[in-house]
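Structure first, then comments.
In listed order, ligands and their atoms are each counted from 1. Throughout, residue positions are numbered sequentially from 1 according to the sequence presented.
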Amino acid sequence: MAVSIKSNAEIELMREAGRILALTHDELAKRVKPGMSTLEVDRIGEEIIRSYGCIPSFLNYNGYPASICVSVNEEVVHGIPSKNRIIQEDDIVSLDAGVIYKGYHSDAARTLIMPAVSDEVKELVKVTRESFFEGLKQAVPGNHVRDIGKAIQEYAEAHGYSVVRDLIGHGVGSKLHEDPEVPNFVTPRRGPKLRPGMTLAVEPMINLGEYDVYWLDDDWTVVTEDGLPSAHYENTILITDGEPEILSTAPGITL
Ligand code: MF3
Ligand code: CO
């Protein structure tokens with residue numbers, strides 16, 4: 001399938017979706033604390049998203065039962081919020097959220113560090129975020145989708161980490177998941193050529209140990225095979241004539 005090129009009007013709606021999503025993550029980062037259940041995190045996140053008049057795009061997506069994916073420690077992605085899962089002082093908490101604004105999506109993830117996280121795991125979170133920015137540098141017209149994943153993988157592996165293979169980034173727009181696939185690792189095919197107007201969700205999932213993962217019996221939660229922690233960082237980006245633009249951001253917030 002051809003990768004869609006967004007019009008200026010569509011990009012404007014995605015900028016607004018992204019701005020609201022960035023503000024949502026910023027507010028969650030301030031409010032999520034040890035002692036809270038992951039269900040409370042979901043409730044707060046949904047309330048913020050709706051307060052901006054947006055729809056949480058994950059809610060009921062393929063039957064997913066919540067608005068925010070809350071994945072703790074060895075949970076890689078798609079953790080289901082639960083009143084019984086209480087965030088601990090030494091947890092890392094990955095929050096993945098999507099919003100729909102006037103029919104257009106933005107998708108972004110952050111990994112939060114609770115106060116007693118070890119330096120070793122803090123470094124994993126830092127490098128995961130940095131690996132996104134390494135990929136971003138390659139998100140320029142004329143390059144191919146594979147150049148993004150190659151940069152992410154090289155950066156993560158140079159730090160001794162591994163890149164999850166069973167989940168990937170994706171195009172995003174009037175649907176949450178569009179073409180192209182955006183792997184965070186090198187693939188045999190170079191993928192589509194990047195062109196101005198393409199909008200992508202680039203989302204490295206980086207493991208402290210080995211890259212293998214499996215699905216829990218809830219059919220959603222993805223966890224590392226070796227039980228070691230995993231971090232996730234994601235933004236919705238726009239390919240332009242020059243430098244890529246991060247759409248899931250807002251003035252005055254830290255990415
Ligand atoms: N950001 C996630 C992704 O791109 C979306 C979560 S899937 C959902 O795969 F079902 F939880 F919405
Ligand atoms: Co995504």
Side-chain angles (χ1 to χ4, degrees), residues 3-4 6 14 17-18 20-22 24-25 28 38-39 41-43 45-46 48-50 54-72 75-82 85 93-101 104-112 128-129 131-132 135-136 139 145 148-149 152 163-185 191 198-207 213-223 230-239 244 246-249 255:
V3 179
S4 73
K6 271 70 180 182
M14 290 186 69
I20 291 164
L21 182 54
T24 301
H25 270 300
L28 282 168
T38 57
L39 186 64
V41 176
D42 177 62
R43 292 292 138 84
E46 177 171 359
I48 300 167
I49 292 168
R50 293 200 190 278
C54 287
I55 298 166
S57 51
F58 297 177
L59 186 61
N60 301 321
Y61 182 86
N62 290 339
Y64 185 75
S67 298
I68 315 287
C69 297
V70 187
S71 309
V72 181
E75 296 171 353
V76 179
V77 288
H78 303 167
I80 298 179
S82 161
R85 182 73 189 255
V93 185
S94 299
L95 303 183
D96 192 351
V99 307
I100 310 172
Y101 175 77
Y104 282 82
H105 291 253
S106 193
D107 185 4
R110 308 280 181 258
T111 298
L112 306 182
T128 300
R129 176 184 168 281
S131 76
F132 163 86
L136 186 69
V145 169
I148 298 173
I152 291 171
V163 179
V164 173
R165 299 297 201 278
D166 292 358
L167 298 136
I168 56 179
H170 49 92
V172 55
S174 59
K175 289 184 293 189
L176 174 60
H177 293 137
E178 299 184 352
D179 284 334
E181 296 189 338
V182 185
N184 302 299
F185 47 88
M198 288 182 176
T199 46
L200 307 175
V202 178
E203 51 177 317
M205 290 152 266
I206 308 295
N207 293 353
V213 299
Y214 67 97
W215 270 253
L216 294 186
D217 285 339
D218 63 18
D219 286 339
W220 279 105
T221 314
V222 180
V223 299
S230 181
H232 187 200
Y233 186 86
E234 173 181 24
N235 283 302
T236 299
I237 69 165
L238 168 70
I239 309 300
I246 295 178
L247 297 176
S248 45
T249 190
L255 281 172

Close-contact set for ligand 1 against E234 heavy atoms, below 4.0 Å: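 Under 4.0 Å from E234, ligand 1 has these atoms: 1 (N).
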
Under a 4.0 angstrom heavy-atom cut-off, which atoms of ligand 1 come close to D107?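 Reading through ligand 1 atom by atom, the close ones are 1 (N), 4 (O).
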
Distance-only N or O hit between ligand 1 and W220, under 3.5 Å: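 W220 vs ligand 1: no N/O contact under 3.5 Å.
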
Min N/O separation E203 to ligand 1 under 3.5 Å: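 So ligand 1 has an N or O lying under 3.5 Å from an N or O of E203.
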
Could you pull out, from D96, I168, I68, L59, the option with a heavy atom nearest to atom 1 (N) of ligand 1?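 Of the listed residues, D96 has the closest heavy atom.
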
Between N207 and S230, do the side chains contain a donor N or O and an acceptor N or O under 3.5 Å apart?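 Yes - a donor-acceptor pair under 3.5 Å links their side chains.
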
Least distance between heavy atoms, V77 atom then H232 atom: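 That closest heavy-atom pairing would be CG1-ND1, 3.4 Å.
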
Minimum heavy-atom separation for L95 to H25, with atom names?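 Nearest pair, atom of L95 first, then H25: O-CE1, 3.2 Å.
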
Please classify the F58 to ligand 1 contact at 4.0 Å (heavy-atom distances, strictly less than): side chain, backbone, both or neither.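 Under 4.0 Å from ligand 1, F58 contributes backbone and side-chain atoms.
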
Location of contacts on C69 toward ligand 1, heavy atoms closer than 4.0 Å: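 Within the 4.0 Å criterion, C69 contacts ligand 1 through side-chain atoms alone.
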
Give the residue, atom name and distance (to 0.1 Å) of the protein heavy atom nearest atom 9 (O) of ligand 1.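 Closest protein heavy atom to atom 9 (O) of ligand 1: H177 NE2, 3.2 Å.
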
For atom 4 (O) of ligand 1, the protein heavy atom that lies nearest, with its residue and separation: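 Answer for atom 4 (O) of ligand 1: H170 NE2, 2.8 Å.
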
Answer with yes or no whether N62 contacts ligand 1, where contact means a heavy atom under 4.0 Å from a ligand atom.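 N62: no contact with ligand 1 (<4.0 Å).
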
